[in-house]
**Student:** 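Okay, here's the structure, questions in a sec.
Convention: sequence-line order gives letters A, B, ...; per-chain numbering from 1. Nothing here was measured: the structure is a model prediction, and the numbers come from that model. In what follows, every heavy atom counts, from backbone to side chain, and hydrogens, waters and symmetry copies are set aside.
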Amino acid sequence: MGDIATPASEAEISEIVRAAHDQRAPLEISGGGTRRELGRPAQADRTLALSALTGTTLYDPGALTIVARAGEPLSKIEAALAAERQRLPFEPMDHRALLGSSGEPTVGGVVACNISGPRRVQAGACRDSLLGVRFVDGQGRIVKNGGRVMKNVTGYDLSKLMCGAYGTLGVLTEVALKVAPAPERTVCLLMKGLSDERAIAALAAALGTPYEVNGAAHLPADCTLDGVESVTMIRLEGFEANIRHRAPALQALFAAFGETELIEDPDKIAAGWAYIRDVAPFVGQSGAVWRLSLKPSDGPTAVSAIRRSIDAKAFYDWGGGLVWLLTPEASGDGGAGAQIIRDTIAPMGGHATLVRASAPIRAAVAVFHPEPPRLAALSDQLRSKFDPAGILNPGRMAAPRA
Amino acid sequence: MSTIAMPKPDDRVLARKPEIVAALAAAVGEENVISDPMETRAYECDALTAYRRQPLVVVLPRTTEEVSAALAACNRLGVPVVPRGAGTSLAGGALPTEDCVVLSTARLTDVLEIDAPNRFVRVQTGVTNLSVSGAVDSEGFFYAPDPSSQLACAIAGNIAMNSGGAHCLKYGVTTNNLLGVRMVMMDGEIVEVGGAHADAANYDFLGLICGSEGQLGVVTEATLRILPKPEGAKPVLIGYDSPEVAGQCVADIIKAGVLPVAIEYMDRLCIRVTDEFSGAGYPDVEAMLIVEVEGAPDEAEAQLAKIIEIAQALGPSALQESKSPEQAALIWKGRKSAFGAMGRINDYMCLDGTVPVGQLPYVLKRISEIGAKYGLECGNVFHAGDGNMHPLILFDANKPGDLETAEAMGAEILRLCVEVGGCLSGEHGVGVEKRDLMTDQFGPDDLEAQMAVKDCFDPKWLLNPAKVFPLEVSASRRDA
């Protein structure tokens with residue numbers, strides 16, 4: 001990766017990017033480096049690391065708002081929020097175990113990759129909690145967008161454009177996020193032995209209640225810790241009065257699907273959802289890991305169709321709308337099953353992202369779901385506008401322009 | 001009479017009216033084109049009635065394909081297009097130019113798909129906001145964003161302006177409830193963005209489109225997230241002798257971890273006027289909060305008990321719990337009729353700035369000082385939980401110079417919102433109304449980045465002209 005710049009101010013970042021623009025010298029943009037392997041390999045000799053751009057610039061618990069510099073470690077933000085009995089609503093995944101990476105995840109990295117977790121099903125994705133950003137564009141210009149207030153329709157929402165752009169349209173320097181109160185109590189309902197189809201139907205029924213279910217996952221038997229039978233999980237959070245009312249009501253609803261077990265031990269619950277969030281079933285297992293975003297009821301249909309051609313393992317989050325898939329890298333024509341997976345979901349709508357694979361495979365297959373021609377053209381145009389010299393993480397999202 | 005400039009109409013376009021009308025008739029059928037000046041006058045303004053421009057032509061397409069044909073024709077002929085939902089914009093977001101074609105979504109009113117197990121509904125965007133909830137009501141669901149104009153406003157406009165409402169504190173705004181769109185680009189190409197699944201595969205075009213004020217494309221179909229209806233809701237009314245203490249109460253409630261579905265604020269002037277109008281039985285206090293929680297009766301009671309405990313600690317001068325659904329309805333009737341009631345006593349200009357919740361007391365104090373300076377009264381009724389203020393500046397439209405004074409006072413209040421860390425518009429959009437204040441919130445590079453996005457989607461700058469960006473800032477692009 002060659003030499004590393006670790007600027008400690010936005011002004012320095014601006015200077016570095018401006019110089020790189022003038023010299024047409026590509027930069028790999030990095031936060032804590034824990035998600036470096038997400039996306040296609042960026043083609044750059046130099047790294048611009050945000051790890052020294054730290055600090056929380058504002059935390060206002062009464063306004064549910066936190067503003068931090070991009071390199072601020074996520075752990076520090078989570079600790080500050082916990083001290084006020086608050087948290088990030090979107091429960092970001094930690095990729096370190098799955099990708100075998102080390103380092104400290106940063107808040108800027110979470111935003112740049114739009115990282116969410118199980119609670120996304122009810123509380124929205126990272127992009128939904130993002131109130132504003134500051135970034136340095138590919139010419140070194142410092143741009144602000146959005147702000148720190150919860151309702152803001154002043155001008156175009158470039159914050160959402162930056163969220164999930166993997167640093168290809170600008171270097172994030174500061175992010176403002178909406179936070180949420182931590183619940184008084186959390187419980188979990190488990191059902192065992194359900195088929196994928198029955199489980200997704202049960203989760204849909206739970207998500208169709210007014211009980212604000214904020215975790216809805218299903219682990220087929222081969223993805224559970226003991227490998228004996230499938231486990232279907234529902235999470236309920238709220239005040240004591242909410243749980244008292246909702247847990248029995250959901251158990252009654254689930255009677256049609258089978259027996260339920262109520263889990264109340266906070267540590268056990270936290271471990272169970274971290275297992276889903278961090279894709280633990282596929283940690284330490286060889287093969288490529290895919291992330292499919294689908295209409296929830298299409299989840300099991302897609303998985304069984306893919307399994308007709310590929311020896312794949314799968315489990316479900318977001319009520320079936322998020323499918324994690326483990327495929328042998330040699331599947332299909334050697335591209336970890338990319339063609340088969342994408343052909344299968346094409347008539348359903350949705351997308352498949354290759355989250356983990358060896359670098360040659362990530363360079364050879366489209367890591368991000370191929371876009372229809374007009375959207376691909378718009379993506380290219382946006383890259384040309386925001387990064388005219390093609391120096392910001394070139395190749396990370398799409399093969400660089402010839 | 002008014003202070004916001006509109007660009008001079010393009011004579012070359014005006015001169016070609018017959019050709020434009022013929023091309024549009026070929027695109028969407030003669031019966032869906034309005035070109036008689038007697039009839040196009042109906043489209044000369046939206047809800048910002050101080051500004052009026054009669055459009056050249058109006059088209060009312062019935063399908064996405066007709067929208068595509070109409071836009072392709074306008075693109076070919078170089079004619080600006082102003083997309084229009086229900087025309088309820090308070091910001092002049094659908095204000096025509098004299099050389100434009102107004103493209104109305106009024107005939108795109110089909111509900112295309114209701115999918116309760118997957119919790120979405122797909123509609124054509126001419127449907128009203130409230131009718132979306134109506135369509136899924138029997139399934140036990142609702143559509144969360146609820147702008148005050150929800151009976152009339154169209155989903156098309158909600159998407160264009162990223163509309164909010166009273167219940168955003170809990171449910172978010174339009175962008176948080178929009179899953180996908182079918183959109184027609186200015187050159188007529190139809191694109192699909194998102195769908196019934198979550199999140200973007202690549203760049204978040206959906207996030208970019210929502211709130212772009214109809215300047216990137218015309219959205220003809222939308223996939224919207226629907227939510228299970230809560231089991232019940234209960235409001236409590238809390239009055240204080242000072243705005244500062246009311247503001248403190250809002251922050252304390254939020255800090256305590258209670259997330260009410262709404263926290264609404266009204267000042268004495270609004271309380272008095274709406275109470276006379278609605279008979280809501282509001283207390284005579286300096287500042288009043290309506291705090292609403294949701295859930296089954298036991299859940300709501302438990303949350304209200306926490307809220308009341310917080311409120312009591314600050315010494316309220318009034319506190320009314322609703323004892324029945326009728327009382328609850330009466331509490332809300334007053335709030336929901338506030339704008340109408342204020343309109344009965346006077347002409348008013350409704351602002352829409354957002355400030356950090358903690359700044360509410362200071363900003364309220366400054367607003368009354370600014371009002372004294374300009375000699376105009378100002379009422380305050382707004383969504384306090386998210387800091388989205390709606391100062392209502394009272395003026396007399398028949399009194400020469402009064403509108404201009406109100407506009408100057410409004411601009412000063414909005415600059416104040418920006419100064420304390422907020423923004424010009426929380427839910428109404430920039431439109432023409434706040435266009436010339438954009439340079440108070442954004443620097444040249446900030447605006448340049450936003451305009452670069454428009455360059456990609458609408459390279460000739462034909463869609464919804466003269467909105468969002470100050471004319472001098474966008475001049476070189478518009479003249480290109």
**Student:** Given heavy-atom pairs under 4.5 angstrom as the criterion, report whether the side chain, backbone, both or neither of A:Arg127 touches chain B.
**Tutor:**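 For A:Arg127, side-chain heavy atoms alone lie under 4.5 Å from chain B.
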**Student:** Below 4.5 Å from any heavy atom of chain B, which atoms of A:Lys144 appear? Answer side chain, backbone, both or neither.
**Tutor:**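 Contact with chain B is through both the backbone and side chain of A:Lys144.
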**Student:** For each of B:Val250, B:Asp455, B:Ile209, tally heavy-atom pairs with chain A at distances under 4.5 Å, and name the one with the top tally.
**Tutor:**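 Sorted descending by pairs with chain A, the first entry is B:Asp455.
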**Student:** Count the heavy-atom pairs under 4.5 Å between each of A:Gln381, A:Lys160, A:Arg374 and chain B, then report the option with the highest count.
**Tutor:**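 Highest number of heavy-atom pairs under 4.5 Å: A:Arg374.
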**Student:** Quick one: what part of B:Met185 sits under 4.5 Å from any heavy atom of chain A, side chain, backbone, both or neither?
**Tutor:**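 B:Met185 touches chain A through side-chain heavy atoms alone.
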**Student:** Measure the shortest side-chain to side-chain distance between B:Val181 and B:Leu206 over non-hydrogen atoms and say whether it is less than 4.5 angstrom.
**Tutor:**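 Side-chain contact under 4.5 Å: yes.
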**Student:** With a 4.5 angstrom heavy-atom cut-off, which part of B:Asp115 approaches chain A: side chain, backbone, both or neither?
**Tutor:**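 Contact with chain A involves the side chain of B:Asp115 alone.
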**Student:** Mind ranking A:Asp60, A:Leu169, A:Asn114 by heavy-atom pairs under 4.5 Å with chain B and telling me who comes out on top?
**Tutor:**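 Of the options given, most contacts go to A:Leu169.
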**Student:** Give, as side chain, backbone, both or neither, the part of B:Glu192 having an atom under 4.5 angstrom from any heavy atom of chain A.
**Tutor:**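 Contact with chain A involves the backbone of B:Glu192 alone.
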**Student:** In terms of heavy-atom proximity below 4.5 Å to chain A, should B:Ala200 be classed as side chain, backbone, both, or neither?
**Tutor:**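 Contact with chain A involves the backbone of B:Ala200 alone.
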**Student:** Do you know which of A:Ala241, A:Gly350, A:Ala204, A:Pro373 has the most heavy-atom pairs under 4.5 Å to chain B?
**Tutor:**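 Ranked by contacts with chain B, first place is A:Gly350.
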**Student:** Check whether B:Lys170 gets within reach of chain A through its side chain, its backbone, both or neither, counting any heavy atom under 4.5 Å.
**Tutor:**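 Contact with chain A is through the side chain of B:Lys170 alone.
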**Student:** How about A:Arg141 and B:Glu448: do any of their side-chain heavy atoms sit closer than 4.5 Å?
**Tutor:**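 A:Arg141 reaches B:Glu448 side chain to side chain.
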**Student:** Let me know if B:Asp445 has heavy atoms under 4.5 Å from chain A in its side chain, its backbone, both or neither.
**Tutor:**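 It is both, since atoms from each part get that close.
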**Student:** Check whether the side chains of B:Glu427 and B:Ser163 place a donor and an acceptor atom closer than 3.5 Å, and report yes or no.
**Tutor:**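 Side-chain D/A pair, B:Glu427 to B:Ser163: absent.
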**Student:** Can you say whether A:Leu207 sits under 4.5 Å from chain B via the side chain, the backbone, both, or neither, judging by heavy atoms?
**Tutor:**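 Backbone plus side chain of A:Leu207, per the 4.5 Å heavy-atom cut-off to chain B.
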**Student:** Identify the two heavy atoms, one from B:Met161 and one from B:Gly429, that lie closest to each other, and give their separation to 0.1 Å.
**Tutor:**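 Answer, listing the atom of B:Met161 first, then B:Gly429: SD-CA, 3.9 Å.
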**Student:** Pick one of side chain, backbone, both or neither for B:Val355, based on which atoms fall under 4.5 Å of a heavy atom in chain A.
**Tutor:**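 Only the backbone of B:Val355 comes within 4.5 Å of chain A.
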**Student:** Would the distance check show the side chain of A:Asn152 and the main-chain N or O of A:Val149 forming a donor-acceptor pair, the cut-off being under 3.5 Å?
**Tutor:**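 Looks like no, no N/O pair under 3.5 Å.
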**Student:** Heavy atoms, side chains only, cut-off 4.5 Å: are B:Leu360 and B:Phe382 in contact?
**Tutor:**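 Yes, their side chains come closer than 4.5 Å.
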**Student:** So for B:Val420, is it side chain, backbone, both, or neither that comes closer than 4.5 Å to the heavy atoms of chain A?
**Tutor:**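 It is the backbone, since no side chain atom gets that close.
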**Student:** Checking B:Ala116 against chain A: side chain, backbone, both or neither under 4.5 Å from a heavy atom?
**Tutor:**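 For B:Ala116, there is no contact with chain A at all, as no heavy atom is under 4.5 Å.
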**Student:** Can you give me the closest heavy-atom contact between B:Phe205 and A:Glu371, atom names plus distance?
**Tutor:**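 For B:Phe205 versus A:Glu371, the nearest heavy atoms are CE1-OE2, 3.4 Å.
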**Student:** Does the side chain of B:Thr354 come within less than 4.5 Å of B:Asp386's, by heavy atoms?
**Tutor:**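 Answer no - side chains too far apart.
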**Student:** Could you look at A:Ser293 and say if it's the side chain, the backbone, both or neither that has a heavy atom under 4.5 Å from chain B?
**Tutor:**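 Contact with chain B involves both backbone and side-chain atoms of A:Ser293.
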**Student:** Please look at A:Asp157 and chain B and tell me whether the side chain, the backbone, both or neither of the residue comes under 4.5 angstrom of a heavy atom of that chain.
**Tutor:**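 For A:Asp157, the contact with chain B is made by backbone and side chain together.
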**Student:** Only pairs of heavy atoms separated by less than 4.5 Å count here; which of A:Glu184, A:Arg246, A:Met162 has the most with chain B?
**Tutor:**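 Max contact count across the listed options: A:Arg246.
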**Student:** Between A:Tyr156 and B:Phe469, is the ring centroid distance below 6.0 Å?
**Tutor:**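 They qualify: ring centres under 6.0 Å apart.
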**Student:** Check A:Phe135 against A:Gly170 and note the closest heavy-atom contact, atom names and distance.
**Tutor:**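 Where A:Phe135 meets A:Gly170 most closely, the heavy atoms are CD1-CA, 4.1 Å.
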**Student:** Scan side-chain atoms only and decide if B:Glu299 and A:Asn242 contain a donor-acceptor pair under the 3.5 Å cut-off.
**Tutor:**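 There is such a pair (donor and acceptor under 3.5 Å, judged by atom type) between the side chains of B:Glu299 and A:Asn242.
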**Student:** Where on B:Leu227 is there a heavy atom nearer than 4.5 Å to chain A: the side chain, the backbone, both, or neither?
**Tutor:**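 B:Leu227 has no heavy atom closer than 4.5 Å to chain A.
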**Student:** What part of A:Leu294 gets closer than 4.5 Å to chain B, counting heavy atoms only: side chain, backbone, both or neither?
**Tutor:**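 For A:Leu294, the contact with chain B is made by the backbone alone.
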**Student:** Non-hydrogen atoms of chain B under 4.5 Å away: do they reach the side chain of A:His369, the backbone, both or neither?
**Tutor:**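 Its backbone and side chain both get close to chain B.
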**Student:** Between B:Tyr203 and A:Phe386, does the ring centroid distance fall short of 6.0 Å?
**Tutor:**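 No.
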**Student:** Could you have a look at B:Asp298, B:Ile253, B:Asp199, B:Leu179 and say which one has the most heavy-atom pairs with chain A under 4.5 angstrom?
**Tutor:**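 The answer is B:Asp199.
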**Student:** Non-hydrogen atoms of chain B under 4.5 Å away: do they reach the side chain of A:Arg120, the backbone, both or neither?
**Tutor:**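 The answer is the side chain of A:Arg120.
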**Student:** Go through A:Leu322, A:Thr209, A:Leu64 and name the one with the most non-hydrogen pairs under 4.5 angstrom from chain B.
**Tutor:**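 If we count pairs closer than 4.5 Å to chain B, A:Thr209 comes out on top.
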**Student:** Between A:Arg185 and A:Glu237, is the closest basic N to carboxylate O distance under 4.0 Å?
**Tutor:**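 Salt bridge between A:Glu237 and A:Arg185, a charged N being under 4.0 Å from a carboxylate O: no.
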**Student:** Answer with side chain, backbone, both or neither: which region of B:Glu139 has an atom nearer than 4.5 Å to a non-hydrogen atom of chain A?
**Tutor:**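 Interface part for B:Glu139: neither.
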**Student:** Determine the option with the most heavy-atom pairs under 4.5 angstrom with chain B, choosing from A:Ala180, A:Ser297, A:Gly321.
**Tutor:**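 The option with the most such pairs is A:Ser297.
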**Student:** Which answer fits B:His383, side chain, backbone, both or neither, if we ask what part of it has an atom under 4.5 Å from a heavy atom of chain A?
**Tutor:**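 It is the side chain, since no backbone atom gets that close.
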**Student:** Look at B:Ala198, B:Ala300, B:Gly387, B:Gly422 and state which one has the largest set of heavy-atom pairs under 4.5 Å with chain A.
**Tutor:**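 Of the candidates given, the most pairs with chain A belong to B:Ala198.
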**Student:** Which answer fits A:Tyr211, side chain, backbone, both or neither, if we ask what part of it has an atom under 4.5 Å from a heavy atom of chain B?
**Tutor:**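 A:Tyr211 touches chain B through side-chain heavy atoms alone.
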**Student:** With B:Cys210, which of B:Asn158, B:Val173, B:Thr174 fulfils side-chain contact (heavy atoms from CB on, under 4.5 Å)?
**Tutor:**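 Looking at B:Asn158, B:Val173, B:Thr174, the match for B:Cys210 under the side-chain contact (heavy atoms from CB on, under 4.5 Å) is B:Thr174.
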**Student:** What part of A:Glu212 gets closer than 4.5 Å to chain B, counting heavy atoms only: side chain, backbone, both or neither?
**Tutor:**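 Contact with chain B is through the side chain of A:Glu212 alone.
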**Student:** Under 3.5 Å, is there a donor-acceptor pair between the side chain of B:Asn162 and the main chain of B:Thr175?
**Tutor:**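 Indeed, once roles are kept as given, a pair shorter than 3.5 Å links the two residues.
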**Student:** Quick one about B:Gln450 and B:Asp446 (side-chain donor to acceptor, distance below 3.5 Å, no hydrogens or angles considered), yes or no?
**Tutor:**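 No, no side-chain donor-acceptor pair sits under 3.5 Å.
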**Student:** With no hydrogens and no angle check, do the side chains of B:Ser68 and B:Glu189 hold a donor and an acceptor under 3.5 Å apart?
**Tutor:**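 Note: B:Ser68 and B:Glu189 side chains miss the donor-acceptor criterion.
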**Student:** Please flag which part of B:Val453 lies under 4.5 Å from any non-hydrogen atom of chain A: side chain, backbone, both or neither.
**Tutor:**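 For B:Val453, heavy atoms of backbone and side chain both lie under 4.5 Å from chain A.
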**Student:** Checking side-chain polar atoms at under 3.5 Å, does B:Glu433 have a donor or acceptor matched by the opposite partner on B:His428?
**Tutor:**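 Result is no, nothing qualifies.
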**Student:** Is it true that the side chains of B:Ser425 and B:Asp352 contain a donor and an acceptor less than 3.5 Å apart?
**Tutor:**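 Short answer, yes.
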**Student:** Identify which part of B:Phe442 has an atom lying under 4.5 Å from any heavy atom of chain A, answering side chain, backbone, both or neither.
**Tutor:**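 Both parts, backbone and side chain.
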**Student:** Please rank B:Glu213, B:Arg225, B:Lys306 by heavy-atom pairs under 4.5 Å with chain A and give me the top one.
**Tutor:**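 Looking at each of B:Glu213, B:Arg225, B:Lys306 in turn, B:Lys306 comes out on top.
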**Student:** Any non-hydrogen side-chain atom of B:Phe120 less than 4.5 Å from a side-chain atom of A:Lys295?
**Tutor:**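 In contact.
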**Student:** Using a cut-off of under 4.5 Å on heavy-atom pairs, state which of B:Ala302, B:Gly358, B:Ala452 scores highest against chain A.
**Tutor:**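 Among the listed options, the one with the most contacts to chain A is B:Ala452.
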**Student:** Mind ranking B:Val430, B:Leu447, B:Leu437 by heavy-atom pairs under 4.5 Å with chain A and telling me who comes out on top?
**Tutor:**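 Highest number of pairs under 4.5 Å: B:Val430.
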